[in-house]
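Model, not experiment: these values are computed from the prediction. For ligands, and for the atoms within them, numbers begin at 1 and follow the listed sequence.
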Amino acid sequence: MLNIVLFGPPGAGKGTQSERLIEQYGLVHLSTGDVFRANIKGETELGQLAKSYMDKGQLVPDEVTINMLRSEVMKHENPAGFIFDGFPRTHAQATALDAFLATLNTEITVMLALEVQEDELKERLKKRAEVSGRADDADPAVIQNRIQVYNNETAPVKSFYQEQNKFTAIDGIGTIDAITERLFSAIDSI
Ligand code: AMP
């Protein structure tokens, strides 16, 4: 299996690039943010809980997120692999993911980390707010909080994969096509 962690701060282009990668490699796209948003739309209990954190730009608690991720993975029979988009976001999530994939006799192949500086992220999120309809894109204070949470809690997850020699940084600045090419060539050289 080809299991990719597509990593990067909010607004780095993870969702956009995931669409390209699933097409090219026949992978299952698993975005924890998308699953939470679907639950909010469906007015589930999980959605209600997730919303209370997402609206403030905070992380949904690890236990809830990890359980949800596990059940999403189990929905797929004989997948070619997964793109984990927006997961893991904490060290505890990364550890849990490794342990869970081991029970399925598989593992993370690579973490591809899209690198984009903060002023560019804010610009992109501001533009995305006009079309995404996402409450957490519309409020500059929430955006600031999401970037801060990324820097404090999520960015350190890189070292978890660096220690396993599974980390590759990708320049996330440029056209969507150019960034896709960088991702393809990183994957093809594994
Ligand atoms: P995203 O769509 O990846 O930008 O995620 C939107 C929001 O969903 C985040 O700001 C968090 O509140 C929540 N979320 C998504 N993925 C996770 C995760 N792996 N751990 C905790 N919270 C998450």
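- Counting atoms of ligand 1 from 1 in the listed order, those under 4.0 Å from a heavy atom of G33 are 2 (O), 5 (O), 15 (C), 16 (N).
- Annotation: atom 18 (C) of ligand 1 to nearest protein heavy atom, R89 CD, 3.4 Å.
- Of the protein's heavy atoms, Q93 NE2, 2.9 Å lies nearest to atom 20 (N) of ligand 1.
- Under the 4.0 Å criterion applied to side-chain N and carboxylate O atoms, D34 and R37 are assigned as salt-bridge partners.
- In terms of protein heavy-atom proximity, atom 23 (C) of ligand 1 is closest to F36 CE1, 3.8 Å.
- Note on V28: it does not cluster hydrophobically with Y25, by side-chain heavy-atom contacts below 4.5 Å among ILVMFWY residues.
- Ring geometry, Y150 versus F7: the interplanar angle falls from 30° to 60°, so the pair is classed tilted.
- With a heavy-atom cut-off of 4.0 Å, R37 touches ligand 1 through its side chain alone.
- Here the heavy atom of the protein found nearest to atom 4 (O) of ligand 1 is R134 NH2, 3.1 Å.
- Between the side chains of T109 and N3, not a single donor N or O lies within less than 3.5 Å of an accepting N or O.
- Listed for the R124 side chain is a donor-acceptor partner under 3.5 Å among the backbone atoms of A12.
- Heavy atoms from both the backbone and the side chain of L59 come within less than 4.0 Å of ligand 1.
- Judged purely by atom type and a 3.5 angstrom limit, Q17 uses its side chain to pair as donor or acceptor with the backbone of I176.
- Taking the charged nitrogens against the carboxylate oxygens, R89 and D62 have no contact shorter than 4.0 Å, which rules out a salt bridge.
- Looking at heavy atoms from C-beta onward, M111 lies out of side-chain contact with Q162 at the 4.5 angstrom threshold.
- No side-chain donor-acceptor contact under 3.5 Å links K14 to the backbone of S31.
- At under 3.5 Å, a nitrogen or oxygen of G86, whether backbone or side chain, sits near a nitrogen or oxygen of ligand 1.
- Of all the listed residues (K51, Q58, M54), M54 holds the heavy atom that lies closest to atom 8 (O) of ligand 1.
- An N or O contact shorter than 3.5 Å links T32 to ligand 1 by distance.
- Between D85 and ligand 1, a contact under 3.5 Å exists for no N or O pair.
- Proximity to T65 (heavy-atom distance under 4.0 Å) selects the following atoms of ligand 1: 18 (C), 19 (N), 20 (N), 21 (C).
- When only non-hydrogen protein atoms are considered, atom 22 (N) of ligand 1 lies nearest to V60 N, 3.0 Å.
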